[in-house]
Amino acid sequence: MIVEADGGSRGNPGPAGYGAVVRDKLSGETLAERKGFIGVATNNVAEYQGLIAGLRAAQELGAETVDVRMDSKLVVEQMSGRWKIKHPSMQPLALEAQQLARAFGRITYEWIPRERNRQADRLANEAMDGNEKPDASKEGDKQPHWSGATGDPTRLILLRHGQTRLSVERRYSGRGDHPLTELGLEQAAKAAERLSKVDGIAAIISSPLQRAVQTAQALGQRTGVEVVTHQGLIETDFGTWEGLTFAEAAQQDPEIHRRWLGDTSVQPPGGESFDEVNARVRKARSEIIAKFGGKTLVLVSHVTPIKTVLRQALDVGPQFLFRMHLDLTGVSIAEFYPDGHASVKLVNDTSHLS
């Protein structure tokens, strides 16, 4: 993918904004746009914010390689490692951009003249035009000022499905399409009762597997909100380990199982790696936010996809997957802002079951 980014300041320093565009490298199609107002800042700070927003958007779209194009000679040279980053206001921004860049298999930086960066420049100016005198009182509780996030977040209420026979027996349950048990239906009903009290649920989006759909439908019946499915929320494909216990899988494929427990690029035999799940869930999240941005949504899914959304919101490494526990019908909440920031509000709450 191609990332084009820009930033500007009216006064240098003065009211500042950024813009970023992600394009498909082959077709030139625009895949994502980002813009944001950042208050009083310099041109260079705004340009770095544009780069960060563009890299986050490319990451959300599952990009493996990225060509960054900017008309800021300073940012291009610093990110390429040819110029030192001396200014204290830019050092943390450059570090954040470098950390994002490590997520890609390959990344390049190219300086381009301003006339070839018009779309990103336009977005940066739109951000400044609309926010030169921001009224903080209009932003309410949706903006955590300590993070610098701007805009209305998309609130994702993440609900794990209820109990199935395989979850009782602690077996790998991936693409196998198992229904809820009697207890699972009760758990789904209790979760539905709780979440039905949430105001303004715009959509209920479920994994297509019936254990998730049954859980989602319990909430849909109480709220009157239609349940739709998204393939990207489906559980990991565990391949030949499907239906096996941990011990049985370890005995069947001891070396692969050992590596799989510590390396997210390793696939179960005939299955899907956690890295592949991460890319799939990131793409699904991007599609969902593109359609329902700024609204409250309930996503009903499985252990790995929910952990993956939380990992992406926290912007942490893959070890998070192995250290986080999620209970049946556990509720988690993550909010994603249009400027690329995110906030985790709740993790694995099961108070509705007590």
Side-chain angles (χ1 to χ4, degrees), residues 1-9 12-13 16-38 41-128 148 150 275 278-279 282-283 286 312 315-317 337-342:
M1 295 182 189
I2 295 170
V3 170
E4 296 170 355
D6 199 9
S9 169
N12 199 29
Y18 64 82
V21 183
V22 182
R23 302 184 190 279
D24 183 275
K25 188 171 183 179
L26 296 178
S27 68
E29 176 189 2
T30 297
L31 303 177
E33 290 186 340
R34 297 288 187 271
K35 63 182 178 181
F37 179 74
I38 56 176
T42 64
N43 285 331
N44 295 146
V45 166
E47 287 163 345
Y48 261 110
Q49 291 281 19
L51 171 61
I52 289 167
L55 293 179
R56 285 188 183 279
Q59 191 179 59
E60 290 169 6
L61 290 166
E64 295 181 359
T65 64
V66 169
D67 294 333
V68 175
R69 300 174 181 176
M70 299 181 68
D71 59 63
S72 170
K73 185 75 170 175
L74 179 127
V75 173
V76 167
E77 293 298 314
Q78 288 182 340
M79 290 301 296
S80 299
R82 292 186 288 269
W83 290 4
K84 291 184 178 180
I85 306 166
K86 298 180 179 179
H87 201 285
S89 67
M90 285 186 286
Q91 288 172 347
L93 295 172
L95 179 60
E96 184 176 358
Q98 289 164 357
Q99 290 172 337
L100 287 168
R102 294 190 191 105
F104 306 110
R106 180 185 63 82
I107 186 167
T108 63
Y109 299 91
E110 176 188 0
W111 177 85
I112 58 174
R114 181 168 295 276
E115 59 267 23
R116 288 178 53 196
N117 203 27
R118 290 178 180 172
Q119 190 171 352
D121 178 69
R122 172 180 60 78
L123 292 167
N125 277 285
E126 286 177 1
M128 288 184 280
T150 57
D275 284 349
N278 185 54
R282 189 179 295 280
K283 183 174 184 292
S286 181
Q312 292 170 0
D315 194 21
V316 294
Y337 288 78
D339 66 355
H341 282 79

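These numbers come from the heavy atoms of this one structure, side chains and all, not from hydrogens, waters or symmetry mates.
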Under 3.5 Å donor-acceptor, Ser9 side chain and Ala41 backbone: yes
Contact check, side chains of Arg34 and Leu123, non-hydrogen atoms, under 4.5 Å: no
Counterpart residues, side-chain contact (heavy atoms from CB on, under 4.5 Å), relative to Thr42 (two or more places apart): Asn12, Pro13, Asn44, Val45
Taking every non-hydrogen atom, the tightest pair across Ala57 and Ala32: CB-CB, 4.3 Å
Rounded distance [0.5 Å steps], NE2 in His341 versus CG in Asp315: 10.0 Å
Residues Arg118, Glu4: salt bridge by 4.0 Å N-O rule: no
Can you give the donor-acceptor pairs under 3.5 Å from side chains of residues 74-86 to other protein atoms, not counting sequence neighbours?
unit_1	atom_1	unit_2	atom_2	d
Glu77	OE1	Arg82	NE	2.7
Glu77	OE2	Arg82	NH2	3.2
Gln78	OE1	Tyr48	OH	2.7
Gln78	NE2	Lys84	O	3.2
Ser80	OG	Val76	O	2.7
Ser80	OG	Arg82	NH2	3.4

Partner set under side-chain hydrogen bond (donor to acceptor under 3.5 Å, both in side chains) for Asp275, not counting sequence neighbours: Thr264
Worked verdict on Asn278 versus Gln312 for side chain to side chain donor-acceptor pair (under 3.5 Å): CA-CA 9 Å; Asn278 185 54; Gln312 292 170 0; 3.0 Å; yes
Any donor-acceptor pair under 3.5 Å from Gln119 side chain to Thr30 backbone: no
Student check: side-chain heavy atoms of Thr65 and Met1 closer than 4.5 Å: no
Minimum-distance pair of heavy atoms, taken over all atoms of Ala46 and Ala16: CB-CB, 4.2 Å
Over all atoms of both residues, closest heavy-atom pair of Val22 and Gly54: CG2-O, 3.8 Å
Charged N-O contact under 4.0 Å between Glu29 and Arg23: no
Residue pair Glu110 / Val68, side-chain heavy-atom distance below 4.5 Å: no
Atom of Tyr109, atom of Ala101 and distance for their closest heavy-atom approach: OH-CB, 3.7 Å
Note, Val3 side chain near Val21 side chain (heavy atom, < 4.5 Å): no
Short side-chain donor-acceptor distance under 3.5 Å, Ser72 and Glu47: yes
Backbone of Ala120 reached by a side-chain donor or acceptor of Asn117 within 3.5 Å: no
Residues that Arg122 engages under salt bridge (Lys or Arg N to Asp or Glu O under 4.0 Å), provided they are two or more places apart: Glu33, Glu126
Partners passing salt bridge (Lys or Arg N to Asp or Glu O under 4.0 Å) against Arg106 (at least two apart in sequence or in another chain): Asp67
Heavy-atom closest pair, residues Lys73 and Trp111: N-CD1, 3.6 Å
Beyond-backbone contact of Ile107 with Leu55, side-chain heavy atoms, under 4.5 angstrom: yes
Exceeds 12 heavy-atom contacts within 6.0 angstrom, atom CD of Gln91: yes
Those residues that, when tested against Arg114, pass side-chain contact (heavy atoms from CB on, under 4.5 Å) (two or more places apart): Asp6, Asp71, Asp121
